[in-house]
Each structure stands twice: as C-alpha cells, then as structure tokens.
Amino acid sequence: MRKINLILLGAPGAGKGTQAEIISEKFAIPSISTGAMIREAIAAGSELGLRVKSYIDKGELVPDAVVIDIIKERLAKPDCANGFILDGFPRTVPQAAALDEMGVEITDVISIEVADESIMERMGGRRVCKKCGATYHTKYNPSPKGELCACGEPLTIRSDDDPEVVKSRLVVYHEQTEPLKDFYQEKGLLKLVYGQEKLDDTTSLTLEALA
Ligand code: AMP
C-alpha cells in the first residue's frame, strides 16, 4: 500500500474531523488535529492553553508560530513515519510554506467542499466527546448511544460552535485558508470532494480521491 501523507482542507464543520477518523482507522495512520491539541492544552490549563484561548473563543486563528511549533513536534513522533492525516493544518499559506521548509512530504491534499449555508446548519448539530475526541452530528452522524459518546462519556457542544463565532470562522476560512487550494493546485496535489448529505457518501468520495 502506498504511503499517505494527507492534508484535509475545508471550512470548519465541513467534516474534516469525521473523515480523518475514518481514514485513520482504515489506513492505520494517525490523525493529527491542531484544533484538538489546542483544546486539550486549554482544558489542561497549560501555559500554551492560556496563551491561545482568546483566539479560539473569538473564532480567530492562533499565531502561525504557535501551531508550526506544535506540528513540528508532533510530526517528529515515530507513529508518523508510515503516514499521517493533517486535519486543520495548514490553515494559512505561511503554515504550508513552513511544512515545505521542514522537508515534510505531502502526497495528497483533499478539500471537502460544503457551502456556507450548509455549514451554519451543520454546526448547530455538532457534538463532541471531550474524553476520546470523537465527533458526531445529531442528524447526519448520530452517536449510537444518543447524547452519550460511543465510549460512554456525555457529549458536549464546542464553545466556538456558537453561530456568531461560526460566522467569524467562515470569514477567516475564506480569507486565510482557502488560498491554500491554489497553493496545492499548483503543486498538482489538490483534489476536491463535495460534502454530501449522507456521511457514507462523502466517505466513499474521499476514499476514491485517495485511491
Ligand atoms: P478546529 O478544531 O480545527 O476547527 O480548530 C479550532 C480552532 O483552533 C480554530 O478556530 C483556531 O482558532 C485554532 N486552530 C486550529 N488549527 C489551527 C491552525 N492550523 N492555525 C491557526 N489556528 C488553528
């Protein structure tokens, strides 16, 4: 099987995290979410967490230097040697350039395309597990245990899924992250996957893009 060093692009709530979990399991490679690592740091009350909390609460990006350091350290771990999925990194052109400078080889870039109006609707139903990191949607991807995660923990709503914060995050996405599509198109790596109503249909298209 070929090596997969994948970047998942897409608006907040497009389904990157869900697809990342599925691909991670199928190919036995780690899914790396800078957002999840930042939320963990905030929950732990670490120095890093305190430094970045205000950005997340406002729906802004945390400074490039902070996430570049986080990702550099994470990609150096041995479990990334056989492939990895980056979910939520890079989010700016300087972050993508930093990956190049680190000598990180990217084999695939998939952008999950979902219209802003659908994002606003989807975000209202998103539920996350603070313990194991699993993500669900009340309508499109419900937990088998209702308001509990499959692992048994009560599900929660992310504070930055508040509709006003989501609007800001969409503006940030279009201004700062979407230019990465051109960046990777020019490298011949970009594939677009159109997010579907049904999760399984989006998964099939994503796996096709990796075939
Ligand atoms: P996510 O879970 O990927 O939606 O990320 C949640 C929040 O974490 C974002 O709205 C940003 O504030 C921050 N964040 C995550 N990844 C990055 C990144 N690569 N660059 C800057 N900020 C990030």
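One-based numbering, in listed order, for ligands and for the atoms of each. For the numbers below, each heavy atom of this structure counts, side chains included, while hydrogens, waters and symmetry mates do not.
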Peer 1: For D100, is there an ion pair with K187 - N to carboxylate O distance below 4.0 angstrom?
Peer 2: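 Salt bridge present between K187 and D100.
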Peer 1: With the threshold set at 4.0 Å, does a side-chain nitrogen-carboxylate oxygen contact exist between E113 and K181?
Peer 2: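 Salt bridge: yes.
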Peer 1: Does a side chain donor of either E105 or T107 reach within less than 3.5 Å of an acceptor in the other side chain?
Peer 2: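 There is no such pair (donor and acceptor under 3.5 Å, judged by atom type) between the side chains of E105 and T107.
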Peer 1: Any atoms of ligand 1 less than 4.0 Å from a non-hydrogen atom of E60? List them with their elements.
Peer 2: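 Selected atoms, number and element: 11 (C), 12 (O).
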Peer 1: Just which atoms of ligand 1 are under 4.0 Å from any heavy atom in T34?
Peer 2: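 Those atoms are 15 (C), 16 (N), 17 (C), 19 (N).
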Peer 1: Would you say D160 and ligand 1 have an N/O pair spaced under 3.5 Å apart?
Peer 2: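 No, since none of the N or O atoms of D160 sits under 3.5 Å from an N or O of ligand 1.
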Peer 1: Can you confirm, on distance only, whether ligand 1 has an N/O atom lying under 3.5 Å from any N/O atom belonging to A36?
Peer 2: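 Such a contact does not occur with ligand 1.
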Peer 1: State plainly whether the residues D200 and K198 are in salt-bridge range, i.e. N to O under 4.0 Å.
Peer 2: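 No, D200 and K198 are not salt-bridged.
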Peer 1: Report yes or no: do Y140 and E121 form a side-chain donor-acceptor pair below 3.5 Å?
Peer 2: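 Yes, E121 and Y140 have a side-chain donor paired with an acceptor closer than 3.5 Å.
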Peer 1: What do we get for K58 next to ligand 1 when only non-hydrogen atoms under 4.0 Å count, side chain, backbone, both or neither?
Peer 2: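 Looking at K58 and ligand 1, no heavy atom falls under 4.0 Å.
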Peer 1: Among all protein heavy atoms, pick the one closest to atom 9 (C) of ligand 1 and tell me residue, atom and distance.
Peer 2: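 So the nearest neighbour among protein heavy atoms is R91 NH2, 3.9 Å.
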Peer 1: Relative to the heavy atoms of R169, which atoms of ligand 1 are at a distance of less than 4.0 Å?
Peer 2: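 Those of ligand 1 that fall under 4.0 Å from R169 are 4 (O), 10 (O).
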Peer 1: Flag the pair R169 and D161 as a salt bridge only when some basic side-chain nitrogen lies within less than 4.0 angstrom of an acidic carboxylate oxygen.
Peer 2: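 Looking at D161 together with R169, the answer is yes, because their closest N to O distance falls below 4.0 Å.
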Peer 1: Can an N or O of L61 be found at a distance shorter than 3.5 Å from an N or O of ligand 1?
Peer 2: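 For ligand 1, there is no N or O atom that lies under 3.5 Å from one belonging to L61.
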Peer 1: Just checking, is any N or O donor in the side chain of S168 or E60 under 3.5 Å from an acceptor N or O on the other one?
Peer 2: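 No donor-acceptor contact under 3.5 Å links the two side chains.
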Peer 1: Can you list the ligand 1 atoms lying under 4.0 Å from a non-hydrogen atom of I38?
Peer 2: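 Every atom of ligand 1 under 4.0 Å from some heavy atom of I38: 13 (C), 14 (N), 15 (C).
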Peer 1: Less than 4.0 angstrom from a charged side-chain N to a carboxylate O is my criterion; do R2 and D108 meet it?
Peer 2: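 So R2 pairs with D108 through a salt bridge.
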Peer 1: Less than 3.5 Å apart, any donor N or O on the side chain of S31 or D87 sitting next to an acceptor on the other?
Peer 2: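 No, no side-chain donor-acceptor contact under 3.5 Å.
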Peer 1: Record the part of V62 in heavy-atom contact with ligand 1 below 4.0 Å; permitted values are side chain, backbone, both and neither.
Peer 2: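 V62 to ligand 1: contacts from backbone and side chain alike.
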Peer 1: Atom 7 (C) of ligand 1: which protein heavy atom is closest, and how many Å away?
Peer 2: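 I find the closest protein heavy atom is I56 CD1, 3.7 Å.
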Peer 1: Can you confirm, on distance only, whether ligand 1 has an N/O atom lying under 3.5 Å from any N/O atom belonging to R39?
Peer 2: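 Yes, since at least one N or O of R39 sits under 3.5 Å from an N or O of ligand 1.
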Peer 1: Any heavy atom of R158 sitting closer than 4.0 Å to ligand 1?
Peer 2: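 Yes, R158 has heavy atoms under 4.0 Å from ligand 1.
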Peer 1: Pick one of side chain, backbone, both or neither for how Q95 approaches ligand 1, counting any non-hydrogen atom pair under 4.0 Å.
Peer 2: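 It is the side chain that gets close, since no backbone atom is under 4.0 Å.
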